[in-house]
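Worksheet: one structure, shown below.
Every value quoted in this text rests on a predicted model; they were computed, and no experiment measured them. Order of the sequence lines sets the chain letters (A, B, ...), proteins ahead of strands, with each chain counted from 1.
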There are 2 protein chains.
Amino acid sequence: MTEQTPVAPSTASRSARKGKRRGRPKKQPNGGIDTREKILAAAIKVFAARGLSGGRVNVISRAARSNDRMIYYYFGSKERLFVEVLEKVYRDMWEAESALALDQADPIEALEKFVGFTLDYYLSHPEMLTILNNENLLQGKHVTKSKKLKELSSPALDLMERIYRRGVEKGLFRADVKPLELYLSVLALNYFYVSNRYTLSAFLGADLTGDSLKSWRRWAVDVIVRAVRV
Amino acid sequence: MTEQTPVAPSTASRSARKGKRRGRPKKQPNGGIDTREKILAAAIKVFAARGLSGGRVNVISRAARSNDRMIYYYFGSKERLFVEVLEKVYRDMWEAESALALDQADPIEALEKFVGFTLDYYLSHPEMLTILNNENLLQGKHVTKSKKLKELSSPALDLMERIYRRGVEKGLFRADVKPLELYLSVLALNYFYVSNRYTLSAFLGADLTGDSLKSWRRWAVDVIVRAVRV
DNA sequence: AAATGAATTAAGTGATTACTACATTTTTGC
DNA sequence: GCAAAAATGTAGTAATCACTTAATTCATTT
């Protein structure tokens, strides 16, 4: 048996496995979900809760009802697992953004809906925020290395550009706004509110859910609309 | 001599040392700066760069040109050191905010200056952002425990309330705005831009310093003013 | 100059951690 | 059914980490 690869020679068994293997197209020995998927899902939760350095490999593998060994089998290293986590988190958000059908709507209404969507997405995917914060802590070390992420771009930014252009054409919006800055402002208002809710509510006393959240939602929409209206 | 404390019994020798000691009023055996201060300054840098779990105790002590033991001598534990780091970072910002003398200025101008101040402070104190992000990752675990932080409150929020009130009185601002939401919006626009600059610039291609930064500064001021103007 | 205690250093320690060598089981192509 | 390859499980290991024990230096007091 000298020809065989010596059974997963450490790092040689990378991640790009699914594409390369010869046989075994579908069914896994496991139940429905693939082990790889389960690890990825568990890693998102653990990295979101503890950060990259605080997220322990064995905590991830146990949360995935798997084994440390499998993380290295499928991903090679903790860091490469984190890169895939980043990719998945972005991809999921971009998928959700793609479902936004705001091109027919009145520009003002489209703007309002977009602000609401952003806030809702952050609220329902808080792991996105902490993982992104972590990546910024590390000065974007991993995003810059990921080819997959570099190729893609946010559908929401394109959407915002279209909404803005229609608003200008209809005479509703002033013409001297950079759509990118408008887009970033929507993200900023919502990101800050959700991401910093713990330190904010500690200092402000009040919780930021419930009525405060509703009020903020109205306020954010108002700020954005006022920013572009003629 | 049964009264004496038995030579630093590990955690019993806490931090509140300076006030309590009997003799030795001033001079340290070291050079000018106290070891405790040096450790705190080094901890800010290290925690800001690597996070709480990623920031190693021995890296901090070496950066402070001291010794692991001294961290435990003065702070008791890595976590208590982190709490003091949080306290210092907040206190420094609140001190800077206190220096803002914007009560005489025209309300609109005061608003503009406040936005600029916030952006400048984040740019010149990026460690503030990463440390706060870390604390939010940990769900405010430490801020809620720190009594010192609970007692204080942001001078800038008070200032914003005064500016807003004067603006309403003068008929410049609409009356139905919550000053807190206005204040949070200023923070949000600037915090997001500076904190997420690594992931943002990775996706947008462009860097966010230089001209883009100048443009953003104008834009942020504009957004805030438009949000309150009648 | 002796006593005193705070400040500092040196040298660990046990627990934890990311990662791996090796063995075994499961699946698939033929 | 049978090899070969893929997937999984077991049991580590070397390195790292937060934290400690214990001894020493040094300014100050008396």
Side-chain angles (χ1 to χ4, degrees), chain A residues 1-15 17-31 34-39 43 46 50 52-62 64-82, chain B residues 1-31 33-39 43 46 50 52-62 64-82:
Chain A
M1 314 306 180
T2 52
E3 285 291 74
Q4 297 166 213
T5 49
V7 185
S10 69
T11 46
S13 69
R14 291 279 164 69
S15 57
R17 180 153 309 275
K18 284 224 160 143
K20 279 182 182 170
R21 71 184 176 206
R22 259 178 265 177
R24 171 100 57 113
K26 309 203 167 114
K27 209 173 135 200
Q28 293 296 124
N30 254 342
D34 200 7
T35 299
R36 194 177 196 282
E37 298 299 311
K38 287 200 300 184
I39 290 172
V46 173
R50 321 284 302 246
L52 172 55
S53 57
R56 304 301 173 203
V57 165
N58 79 83
V59 172
I60 294 171
S61 77
R62 295 187 78 188
R65 289 164 173 268
S66 182
N67 188 295
D68 283 16
R69 179 69 186 81
M70 298 314 292
I71 289 176
Y72 296 91
Y73 185 68
Y74 282 117
F75 300 93
S77 75
K78 181 182 175 178
E79 212 167 350
R80 274 202 289 268
L81 173 59
F82 186 74
Chain B
M1 311 310 179
T2 51
E3 287 291 71
Q4 295 164 212
T5 49
V7 184
S10 69
T11 47
S13 69
R14 291 279 164 66
S15 57
R17 179 153 311 277
K18 283 217 162 152
K20 279 184 185 168
R21 71 185 174 206
R22 257 177 268 174
R24 171 102 56 114
K26 314 203 164 116
K27 210 174 140 199
Q28 294 295 123
N30 253 342
I33 306 171
D34 200 7
T35 301
R36 193 177 197 283
E37 298 300 310
K38 288 200 299 185
I39 289 172
V46 174
R50 321 284 301 247
L52 172 56
S53 57
R56 303 303 174 203
V57 165
N58 79 83
V59 173
I60 293 171
S61 76
R62 295 187 77 188
R65 290 164 171 267
S66 183
N67 186 294
D68 283 16
R69 182 69 185 82
M70 298 311 293
I71 289 176
Y72 296 91
Y73 184 69
Y74 282 117
F75 299 94
S77 74
K78 181 182 176 181
E79 214 167 350
R80 275 202 288 268
L81 173 59
F82 186 73

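- Regarding Ile60(B), its CD1 atom lies at a distance of 12 Å from the C1' atom of dC17(D), rounded to whole Å.
- As rounded to whole Å, 17 Å separates atom C1' of dA10(C) from atom OH of Tyr73(B).
- A distance-only check finds no donor-acceptor pair linking the side chain of Lys78(A) to the backbone of Ile71(A) [under 3.5 Å].
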I'd like a table of atom pairs between the protein and nucleotides 14-17 of chain C - only N or O on both sides, under 3.5 Å - with the distance next to each one.
{"residue": "dT17(C)", "atom": "OP1", "partner": "Arg56(A)", "partner atom": "NE", "Å": "2.9"}

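- Atom OH in Tyr72(B) sits about 19 Å away from atom P in dA7(C), given to the nearest Å.
- Across all their heavy atoms, Asn58(B) and Asp68(B) have their closest contact at CA-OD1, 3.2 Å.
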Atom pairs, N/O to N/O, protein against nucleotides 9-14 of chain D, distance under 3.5 Å?
{"residue": "dG9(D)", "atom": "O6", "partner": "Arg69(A)", "partner atom": "NE", "Å": "3.2"}

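- Taking each heavy atom of Val46(B) and Gly55(B) in turn, the nearest pair found is CG1-CA, 3.8 Å.
- Phe75(B) CZ to Ile39(B) CD1: the interatomic distance, rounded to the nearest 0.5 Å, is 5.5 Å.
- Phe75(B) has its CZ atom 16 Å from the P atom of dT20(D), to the nearest Å.
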Between Arg36(B) and Tyr73(B), does the side-chain contact (heavy atoms from CB on, under 4.5 Å) criterion hold? Intermediate values first, please. CA-CA 9 Å; Arg36(B) 193 177 197 283; Tyr73(B) 184 69; over 6 Å; no
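- Residue Ser77(B) has no polar side-chain atom (N or O) positioned under 4.0 Å from OP1 or OP2 of dC19(D).
- For the pair Ile71(B) CD1 and dT8(C) P, the computed distance is 13 Å after rounding to whole Å.
- Put simply, CZ on Arg50(A) and CG on Leu52(B) are 10.0 Å apart, with the number rounded to the nearest 0.5 Å.
- Rounded to whole Å, the distance from CZ on Phe82(A) to P on dA18(C) is 14 Å.
- Of all heavy-atom pairs spanning Asn67(B) and Ser61(B), the tightest one is C-CB, 3.4 Å.
- Taking side-chain N and O atoms only, Tyr74(B) has a distance below 4.0 Å to OP1 or OP2 of dT8(C).
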